[in-house]
Colleague: 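Questions regarding the structure given below will be posed in turn.
What you see is a predicted model; the values in this text were computed from it and never measured. Letters go in sequence order (proteins before strands), and every chain restarts at 1.
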Amino acid sequence: MATLESSAVPLHAHHDDLSFIRKYIFATDHKIIGLQFLFATLIFLLIGGVMALMIRWQLGFPGEAMPGVGVINPKFYNALVTMHGTFMIFFAIMPLLVGTFGNFLIPLKIGAPDMAFPRLNMMSFWLFVVSGIVMTASLFVEGGAAGAGWTVYAPLSAVPQYTGVSLGQQLWIISIVFFGGSSLLGSVNYITTVINMRAPGMTLFRMPLSIWGLFVTAIIALLAVPILAAAIIMLLFDQTIGTTFFLPAGGGQPLLWQHLFWFFGHPEVYILILPAMGIVSDIIANGSRKPVFGYHSMVLAIIAIAFLGWIVWGHHMFQSGMNPLLGTSFMISTMAIAIPSAIKVFNWLGTMWRGNLWFHTPMLWAVGFVSLFTVGGLSGIFMASNSVDVFIHDTYFIVAHIHYVLFGGSLFAIFAALYFWFPKMFGRCMNENWGRIHFALTFTFYNLTFFPMHLLGMGGHMRRIYDPTAYEFLQPLQPMNKFITVSAFLLFMAQIPFVINFFWSLFAGEKAELNRWRDNGLEWTVPSPAPHGNFTVTPTVYRGPYEFSSPEVEEDFLPQDVPPDGGRERAPETVGR
Amino acid sequence: MGWLPGAASTYAADLDRIFYVILAVTGLVFIGVEATLIYFLWKYRGREGRKAAYIEGSNKAEIIWTVTPAVFIVGLAVASQSVWSKIKSPANFPTDAIEYRVEARQYAWGITYAGADGVLGTEDDFTRFNEMHVPVGQPVSFELTSADVIHSFFVPAFRIKQDAVPGLIMRVWFEATEVGEFALACAELCGVAHFNMGGKVIVHPQDEFERWVAEQS
Amino acid sequence: MKEAIAMPGGVHAEPGMRIYNQKLGMWVFLASEVMFFTGLIGAYIILRFGAGDWALPGIPLEEGGTPLAINLTAFNTFMLICSSVTMVKAFAAIEHGDQRGLRLFLLGTVVLGAAFVGIQIFEYIKLTHEGFLPACSAELAEIVPNCGLFGSTFYVMTGFHGAHVSIGVFCMIWVTVKAFRGAYTKENHGGVEVIGLYWHFVDLVWILLFTIVYLI
Amino acid sequence: MESAEQKQQPRYYFIWFLLLVLTMVEVGVAYLSHLPRTLLILVLVGLAIWKATLVAMYYMHLKFERLRVILLATAPIPLAIILVLGVLLEYAQ
């Protein structure tokens with residue numbers, strides 16, 4: 001309970017004598033933990049990406065040996081589909097947004113010395129590592145990795161005989177239980193920090209939208225993940241000790257699994273997109289040198305999306321045999337989400353309107369996010385219509401949709417955030433030109449890969465099938481499958497400039513100035529990288545985070561901690577070290 | 001357009017119409033948003049010495065783009081609802097349908113026919129795997145269930161998809177409008193050979209169908 | 001708990017919840033726990049609703065009565081309620097700076113909590129001997145309707161609750177040891193309040209579980 | 001803590017006694033198996049909610065907390081109801 005001792009008062013005096021292990025391995029500093037999450041998740045992102053390539057290879061060239069991998073058999077293919085989804089959702093996108101940027105940004109941007117519970121924060125990271133190790137280990141156990149899809153629908157997942165996988169599926173469940181623990185500790189920390197530890201003057205409606213996104217996300221995760229935990233524990237017992245929660249033979253209900261899973265799963269989707277929306281809002285305002293258009297409605301839209309997220313889970317189950325009347329109500333609540341989403345897109349456009357756009361690399365990615373999220377949002381309307389969903393449910397149309405939202409959406413926002421906050425994280429800048437090349441290549445090959453999937457879906461191409469040529473009616477679509485596969489490989493290779501740029505800049509990048517992007521956030525008032533404890537003197541906040549091009553001052557930005565009299569004497573920034 | 005597979009059931013055209021309406025509207029929004037985006041990127045590209053306009057928002061504009069999608073969505077929901085209830089609502093099932101029973105299992109579709117007497121559950125019932133013979137121009141309906149895991153009965157040409165859940169009995173109906181062979185697929189991941197769980201729906205002219213049924217018993 | 005009261009981060013113009021971090025954190029954590037038990041209890045309600053026939057209290061086992069021992073568990077419920085009052089009295093004691101009261105009442109809470117767990121373990125042993133398990137014995141399966149489902153839901157719900165009580169007992173022992181070392185004072189006793197919140201929450205969950213699992 | 005200043009000492013033993021009596025009533029009611037099931041269930045659930053509320057209000061001191069703490073504590077309850085009711089509606093067809 002004495003964990004706060006180190007954070008209650010800024011103790012720069014003795015943070016330097018922490019040993020290497022205390023500082024970088026069992027770190028309690030939120031910034032170091034954020035970086036730990038970053039490096040861990042980049043590995044998982046790579047694993048998930050390689051799995052995607054293997055899936056694409058099999059779909060483009062069914063049954064042919066993949067160079068360096070060999071022939072992919074159907075069981076392994078199912079494992080790939082399952083683990084690609086699992087790694088990308090639980091071990092890449094979610095921890096990148098929530099773990100990395102949640103940890104790194106929340107205290108810095110609200111003017112707090114650290115998280116409310118630094119040691120819980122450390123435990124959160126190490127539980128995540130344990131979870132990741134268990135999940136990775138499940139790839140190599142006897143019987144192979146889980147093969148019931150990342151949605152682990154019972155009874156397929158509940159009885160080992162149905163998939164031929166037992167230990168792999170059990171490790172999957174155990175790993176997600178650990179993951180849930182990690183997520184819970186993170187959520188408790190973020191919520192307490194945001195509520196209790198804001199700097200003086202940092203009212204809720206002066207918080208940057210990125211913090212709003214992360215805060216609301218933490219609330220969603222806090223309340224959604226336990227439902228998943230309860231459900232998968234029941235699933236584990238069905239697998240191992242003979243309970244019958246989801247097995248009709250023993251009186252259980254397979255659809256109960258789907259209800260519980262999607263009651264978690266749909267809010268989970270918003271966990272993956274709300275922080276991204278917040279981050280993009282920050283970066284677009286910065287790149288446009290203009291306040292965010294309609295800040296309050298942006299906040300309300302985040303809250304509305306989060307709330308609606310709880311009452312739409314049934315739209316994943318339109319074809320599962322639910323009561324048709326219930327289907328109608330779920331369609332209406334689902335479509336209602338289009339309204340706050342539309343508000344967000346239009347407000348981003350409004351932010352750029354009459355701006356003075358500065359196309360730094362983060363801005364490019366943010367603009368890319370807006371254009372691709374628009375596609376993902378619009379294609380969602382097809383699925384929301386329960387009658388159209390009868391046809392496109394479980395086809396490549398939905399694969400296209402989720403990838404437009406999670407790759408074109410979340411991952412683009414993650415790249416934007418990485419380029420944007422890299423200087424603050426490491427004290428060096430990433431190379432802008434290579435960043436632009438990375439963006440141009442990714443944007444191009446991204447669309448070449450995923451846009452045609454809409455057409456596959458319209459052709460009736462089912463998702464998660466090992467060999468599309470097994471169906472006669474899908475054979476004419478095979479050239480398109482090949483095209484997508486080639487594009488996917490190019491998309492993968494388009495990430496090479498990023499990897500090189502990232503590691504090269506880490507050691508040899510241009511030294512970062514204090515406020516690289518002439519931004520208003522509190523994080524730009526501390527040295528890059530910021531010391532343990534962040535602020536030498538607790539900052540006082542005088543205004544919202546988006547006072548760009550304010551008529552009050554000559555420059556086109558006005559940091560949150562500059563007193564209104566215009567006295568630009570900010571002592572703290574130079575003291576740090 | 002031609003991207004959707006040929007429609008061969010009575011409600012396929014209704015469903016396609018909604019699809020194309022959504023495609024048209026979302027397509028317009030898509031073009032509108034992306035064109036505006038590109039125009040803004042070009043028009044407001046940064047220049048030295050210029051300062052962006054200091055605008056915090058506009059209630060009027062925001063109300064407009066809140067209400068417009070809302071209206072569109074209400075219309076869409078109403079349109080979808082009628083087709084949805086036509087396909088799925090038990091109250092709207094045709095009463096003059098030929099009855100079948102379909103049981104999915106790893107990895108086959110077992111289709112039970114009523115036989116010559118036209119009544120299920122009698123001795124002359126017979127079961128064929130992966131081939132569903134139906135007459136053209138007459139509604140057919142069936143009880144769909146599964147013996148093991150969840151499968152999904154999917155006939156792209158008929159625009160019908162329904163999960164088969166073990167322990168539950170789902171009601172499905174369709175009426176084929178064209179004679180021919182149509183692919184029947186499993187749309188829900190159901191195990192290792194999920195991809196290989198295809199079948200056929202063979203639509204016969206009425207007299208040919210009767211002859212086929214007679215031959216089987 | 002000195003640092004808990006001094007609000008970290010200095011003065012607050014808009015001072016958040018006006019409660020210290022640990023207490024706020026515990027409430028946030030409890031909100032999450034509510035959802036976890038919602039998952040378990042909700043599954044039970046839904047499964048039972050779908051199953052139809054169920055073993056009821058108040059009638060003999062042979063006529064479809066419940067295999068659970070209601071009187072024993074009612075006594076156990078009594079223990080847990082008692083432990084709640086000792087817990088809250090411990091907190092009230094230290095609020096007045098009464099060290100002796102704090103220690104005695106905390107000790108009482110530990111004993112009552114441990115007794116609850118002990119009785120629950122005894123109940124489990126008894127039930128498993130009678131063949132009441134997620135995979136019911138053949139004789140029991142014949143007379144108890146939906147025996148397997150009953151067993152599955154019963155053990156998962158009460159098991160996770162029991163685990164929560166056990167964790168609570170261990171934390172309570174830790175707090176008690178600290179109390180005997182004089183770690184809490186009239187001004188600083190956040191630890192007692194926070195563990196108390198957890199303890200009462202666990203009690204509250206049991207109140208609901210006892211009713212819907214044993215009595216309905 | 002800060003709640004201490006404003007609250008008069010709640011009657012902890014009285015609440016304990018009330019909980020005890022309510023528990024005994026519950027067990028008694030549960031044995032009245034000849035009454036209609038729906039009535040029994042309503043009474044029992046009502047008693048359980050009463051007891052749970054007593055614990056939350058007096059032992060967890062929610063009665064003496066600020067509104068925002070109460071909101072935080074009760075926030076998950078609507079979600080729990082939405083989940084259970086939403087799924088139960090499946091049977092209403």
Side-chain angles (χ1 to χ4, degrees), chain C residues 4-5 16-20 23-24 27-28 30-35 37-39 41-43 45-46 49-50 56-59 65 70-71 73-74 77-78 81-82 84-85 87-89 91-92 95-96 187 189-190 193 196-197 199-201 203-205 207-212 214-216, chain D residues 1-4 7 9-10 12-13 15-20 22-24 26-27 29-35 37 40-41 44-56 58-62 65-66 68-70 72-77 79-81 83-88 90-91:
Chain C
I5 295 169
M17 280 282 187
R18 272 189 202 279
I19 55 177
Y20 54 99
K23 185 172 164 188
L24 176 59
W27 272 113
V28 173
L30 291 183
S32 175
E33 287 278 56
V34 170
M35 291 313 278
F37 280 104
T38 297
I41 298 174
I45 294 173
I46 290 154
F49 202 88
L56 303 174
I59 43 177
I70 289 178
N71 292 337
T73 315
T77 308
F78 166 67
I81 290 175
C82 290
S84 241
V85 78
M87 181 67 238
V88 81
K89 287 304 283 182
F91 172 64
E95 268 191 317
H96 296 110
E187 291 77 29
H189 49 265
E193 187 175 21
L197 283 178
W199 193 259
H200 298 307
F201 171 78
D203 183 25
L204 191 155
V205 171
I207 286 173
L208 298 177
L209 277 185
F210 176 61
T211 305
I212 66 168
Y214 288 83
L215 300 183
I216 290 183
Chain D
M1 315 257 67
E2 59 268 316
S3 53
K7 83 174 164 233
Q9 184 73 11
Y12 292 133
Y13 285 124
I15 303 296
W16 170 74
F17 182 71
L18 202 54
L19 287 172
L20 218 61
L22 289 177
T23 307
M24 289 197 287
E26 270 196 309
V27 176
V29 169
Y31 279 104
L32 302 173
S33 50
H34 56 275
L35 287 180
R37 288 283 304 151
L40 270 183
I41 290 174
L44 285 170
V45 170
L47 286 170
I49 290 174
W50 186 0
K51 285 164 67 186
T53 315
L54 283 177
V55 172
Y58 291 95
Y59 286 178
M60 298 173 92
H61 301 119
L62 265 190
E65 294 286 1
R66 275 152 205 290
R68 25 183 117 170
V69 181
I70 297 173
L72 173 75
T74 49
I77 294 172
L79 297 181
I81 294 172
L83 171 65
V84 176
L85 278 191
V87 183
L88 282 182
E90 284 256 15
Y91 299 98

Colleague: Is there a side-chain contact between C:Leu197 and D:His61, using heavy atoms and a 4.5 Å cut-off?
Modeller: no
Colleague: Rounded to the nearest 0.5 Å, how far does CD of D:Glu65 lie from NZ of C:Lys23?
Modeller: 3.5 Å
Colleague: At a 4.5 Å cut-off on heavy atoms, which part of C:Thr77 comes close to chain D: side chain, backbone, both, or neither?
Modeller: side chain
Colleague: Look up atom CG in D:Leu83 and atom CD1 in C:Ile45, then write down how far apart they are to the nearest 0.5 Å.
Modeller: 9.5 Å
Colleague: Checking C:Phe37 against chain D: side chain, backbone, both or neither under 4.5 Å from a heavy atom?
Modeller: neither
Colleague: Under 4.5 Å from any heavy atom of chain C, what part of D:Ala75 do you find: side chain, backbone, both or neither?
Modeller: neither
Colleague: Can you tell me how far CG of D:Leu44 sits from OH of C:Tyr214, rounded to the nearest 0.5 angstrom?
Modeller: 15.0 Å
Colleague: Using non-hydrogen atoms and a 4.5 Å limit, figure out which bit of C:Val85 sits close to chain D: side chain, backbone, both or neither.
Modeller: both
Colleague: Can you say whether C:Ile216 sits under 4.5 Å from chain D via the side chain, the backbone, both, or neither, judging by heavy atoms?
Modeller: both
Colleague: Does the pair D:Met60 and C:Trp27 meet the rule for a side-chain contact (heavy atoms from CB on, under 4.5 Å), with working shown?
Modeller: CA-CA 10 Å; D:Met60 298 173 92; C:Trp27 272 113; 3.9 Å; yes
Colleague: For the atom pair NE2 (C:His200) and OH (D:Tyr58), what is the distance rounded to the nearest 0.5 Å?
Modeller: 14.5 Å
Colleague: Under 4.5 Å heavy-atom distance to chain D, tell me which part of C:Leu215 shows up: side chain, backbone, both or neither.
Modeller: both
Colleague: Check step by step if side-chain contact (heavy atoms from CB on, under 4.5 Å) holds for D:Leu72 and C:Leu24.
Modeller: CA-CA 9 Å; D:Leu72 173 75; C:Leu24 176 59; 3.7 Å; yes
Colleague: Looking at CG of D:Leu54 and CD1 of C:Ile207, how far apart are the two atoms once the value is rounded to the nearest 0.5 Å?
Modeller: 8.0 Å
Colleague: Do C:Thr38 and D:Leu79 have side chains that get closer than 4.5 Å, going by heavy atoms?
Modeller: no
Colleague: Looking only at heavy atoms and a cut-off of under 4.5 Å, which of D:Trp16, D:Tyr59, D:Tyr31 has the most pairs with chain C?
Modeller: D:Tyr59
Colleague: Quick check on side-chain contact (heavy atoms from CB on, under 4.5 Å): which of D:Val55, D:Leu22, D:Leu18, D:Leu19 does C:Ile81 satisfy it with?
Modeller: D:Leu19
Colleague: Ignoring hydrogens, what is the shortest heavy-atom contact between D:Ala56 and C:Leu204? Give both atom names and the distance.
Modeller: CB-CD1, 3.8 Å
Colleague: Who among C:Ile41, C:Leu56, C:Val28 has the most heavy-atom pairs with chain D under 4.5 Å?
Modeller: C:Leu56
Colleague: For D:Leu62, is it the side chain, the backbone, both or neither that has a heavy atom under 4.5 Å from a heavy atom of chain C?
Modeller: side chain
Colleague: I'd like to check D:Tyr13 versus C:Lys89 (side-chain heavy atoms, cut-off strictly below 4.5 Å). Are they in contact?
Modeller: yes
Colleague: Among C:Gly42, C:Gly196, C:Pro57, which residue has the highest count of heavy-atom pairs closer than 4.5 Å to chain D?
Modeller: C:Pro57
Colleague: Can you say whether D:Ile41 sits under 4.5 Å from chain C via the side chain, the backbone, both, or neither, judging by heavy atoms?
Modeller: both
Colleague: Within the 4.5 Å heavy-atom criterion, are D:Leu47 and C:Thr211 side-chain neighbours or not?
Modeller: no
